[in-house]
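Okay, structure first, notes after.
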Amino acid sequence: MLSRRDFLKRASRAALAASTALPLTWAADEFDLSIPGKEGLIVRSYRFLDLETPVEYFNTWLTPAQHFFVRNHMDEPSTLDPAEWKLSVGGEVERPFSLGFAELSRLENHSVVNTLECAGNGRGFVDPKVPGVQWQKGAVGTGSFSGPRLRDLLERAGVKPTGKHVMFRGLDEVPGKVPPFIRSIPIDKAMDGSTLVATRLNGAALPKHHGFPARALVPGWIGSASCKWLTEIRVLEKEFEGNFMSPGYRVPNQPVKPGEAVKPEETHSLTELNVKSLISTPADGASLKFGSLTIQGVAWAGEADLVRVDVSLDGGSSWLPARLANDHAPYAWRLWTLRWKTPKSGDYVLLSRATDSRGRTQPASPLWNPSGYLNNALDQVKIHVQA
Ligand code: MTE
């Protein structure tokens, strides 16, 4: 028997799934609309599923799968039987082939700890507002991804000298006229020893929301490069032309004024991530007891190395170096902490600022672009310290 509450829960889920409406605050107060296995995440969209991680969860080096954000452009595949699944490798190659999951699993495995961030993370803070999922801070997470190197599959197929880009196709269910999720990466990145066909996340099979049975893993690059539910790898002579390469995931070649229109020919495809940091504790708006406080967070730098994090306790007038935690890997974020003895009661604006091995650092406010991509402005948390 369904309880009245369960019935309402299911009915409201079904109604929401049938709509594209995003704001759920009215419903979330009344019903528990969390996604099974993803409890606690912020639902940015039910159709198609987009889940954001609350920043408070960013207190471990590896983000547990149940806390890992989800970004889907369309419906997830409804049936995925690993016994039936096939991955084909073709295009500009000498020996096209396809292989099943059992064969893929027998290939030599490699692990890469990678910070995966959606290019739209932070879009909700850009001004003027731009269309798209209004992500705030948590369309990012760090996982240990494992699987064969993409390079091993490409070498088995024998890439022809004409092969310059590698295209991935996902098995997403494409609704109506929506173009399929297909993107490509340049051959050099595809042949890099850290680029994987990942079958595992944090030591377990890749969960369905994250691309089961296999996904591309393009470390240090925007999340959209890492195609989920991979079914086809195709070597191309040039960059793939399609919605998710253009107009999707492009930014102006030159900085533009907020609100300014940009011609498509004056844009380029996004590749690697920016340098960026987040404050995970204390929470924005927290009211804390006077005394000792540990401020903590995460910071990452795409393909570069993160070298330092500075924290301001006075809205940016002065900065103190944070301590970086020991866990680190080439494409992974680092946890950081700063111990602070609050000087007196009152309101404080805490800021964090990361710097990487190339000298890149974070701007004070978002650098506007028409899609609100790669917003890496300083993170800010306002707190009240009680007497
Ligand atoms: N792959 C497919 N097939 N379909 C998608 O919608 N979304 C991309 C990428 N791979 C997507 C995809 C985007 S925009 C991001 S940010 C990452 O997957 C998110 O990965 P996650 O959902 O595992 O966190």
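None of the values given here were measured: they were computed from a predicted structure. Read the numbers this way: they start at 1 and go in the same order the structure lists the ligands and their atoms.
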Exercise. At what distance is the nearest protein heavy atom to atom 7 (N) of ligand 1, and which residue and atom is it?
Worked result: Arg71 O, 3.2 Å
Show me the donor-acceptor pairs, under 3.5 Å and distance only, between side chains in residues 202-216 and residues at least two apart or in other chains.
residue	atom	partner	partner atom	Å
Asn202	OD1	Ser144	N	2.8
Asn202	ND2	Thr63	O	2.9
Lys208	NZ	Pro77	O	2.7
His209	ND1	Glu76	OE1	3.2
His209	ND1	Glu76	OE2	2.8
His210	NE2	Lys38	NZ	2.7
Arg215	NH1	His210	O	3.2
Arg215	NH2	Ser226	O	3.0

Exercise. Considering only heavy atoms of Cys118, which atoms of ligand 1 have at least one such atom less than 4.0 Å away?
Worked result: 16 (S)
Problem set entry | Atoms in ligand 1 with a heavy atom of Asp172 nearer than 4.0 Å | 2 (C), 3 (N), 4 (N), 5 (C), 6 (O)
Exercise. Which bit of Phe48 gets closer than 4.0 Å to ligand 1, counting heavy atoms only: side chain, backbone, both or neither?
Worked result: neither
Exercise. Parallel, tilted or perpendicular: which fits the ring planes of Tyr373 and Tyr249, with parallel below 30° and perpendicular above 60°?
Worked result: parallel
For this session: Report the residue from Glu265, His268, Lys263 that forms a side chain to side chain donor-acceptor pair (under 3.5 Å) with Asn253.
Result: His268
Exercise. Which residue holds the protein heavy atom closest to atom 6 (O) of ligand 1, what is that atom called, and what is the gap in Å?
Worked result: His73 N, 2.8 Å
Problem set entry | N or O contact, Asn72 vs ligand 1, cut-off under 3.5 Å | no
Exercise. Salt-bridged, Glu232 to Arg234, with N to O below 4.0 Å?
Worked result: yes
Problem set entry | Contact check: Phe68 vs ligand 1, nitrogen or oxygen atoms, below 3.5 angstrom | no
Problem set entry | Proximal atoms of ligand 1 relative to Cys227 (non-hydrogen, under 4.0 Å) | 1 (N), 3 (N), 10 (N)
For this session: Could you find the nearest protein heavy atom to atom 24 (O) of ligand 1 and give me its residue, atom name and distance?
Result: Phe69 O, 2.7 Å
Exercise. So, the side chain of Ser45 versus the backbone of Arg47: is there a donor-acceptor pair under 3.5 Å, distance only?
Worked result: yes
Exercise. So is there a nitrogen or oxygen of Ser226 less than 3.5 Å from a nitrogen or oxygen in ligand 1?
Worked result: yes
Exercise. Do you reckon Ile295 sits in the same ILVMFWY cluster as Phe290, going by side-chain contacts under 4.5 Å, direct or chained?
Worked result: yes
Exercise. How are the rings of Phe244 and Phe181 set relative to one another: parallel (under 30°), tilted (30 to 60°) or perpendicular (over 60°)?
Worked result: tilted
Exercise. What protein heavy atom sits nearest atom 14 (S) of ligand 1, and how far off is it?
Worked result: Tyr249 OH, 3.1 Å
Seminar exercise, completed: closest protein heavy atom to atom 8 (C) of ligand 1 is Ser224 CA, 3.7 Å
For this session: Enumerate the atoms of ligand 1 whose separation from the nearest heavy atom of Leu116 is less than 4.0 angstrom.
Result: 20 (O), 24 (O)
Exercise. What distance separates Arg149 CZ from Leu154 CG, expressed to the nearest 0.5 Å?
Worked result: 13.0 Å
Problem set entry | Side chain, backbone, both or neither: the part of Ile222 lying under 4.0 Å from ligand 1 by heavy atom | neither
Exercise. Per the salt bridge (Lys or Arg N to Asp or Glu O under 4.0 Å) rule, which among Lys164, Arg183, Arg250, Lys189 passes with Glu239?
Worked result: Arg250
Seminar exercise, completed: To the nearest 0.5 Å, atom CD1 of Ile279 lies from atom CG of Leu351 at 6.5 Å
Exercise. Tell me: protein heavy atom nearest atom 17 (C) of ligand 1, and distance?
Worked result: Gly223 O, 3.5 Å
Problem set entry | Short side-chain donor-acceptor distance under 3.5 Å, Gln386 and Ser287 | yes
Problem set entry | Nearest-contact summary for atom 1 (N) of ligand 1 - protein heavy atom, Å | Lys228 N, 2.8 Å
Problem set entry | Polar contact flag for His210 and ligand 1 (N/O pairs, less than 3.5 Å) | yes
Seminar exercise, completed: At under 4.0 Å between heavy atoms, what of Ala119 touches ligand 1? The answer is neither
Exercise. Does Arg215 come within less than 4.0 Å of ligand 1, judged by its heavy atoms?
Worked result: yes
Problem set entry | Between CG on residue Leu51 and CG on residue Leu41, distance to nearest 0.5 Å | 5.5 Å
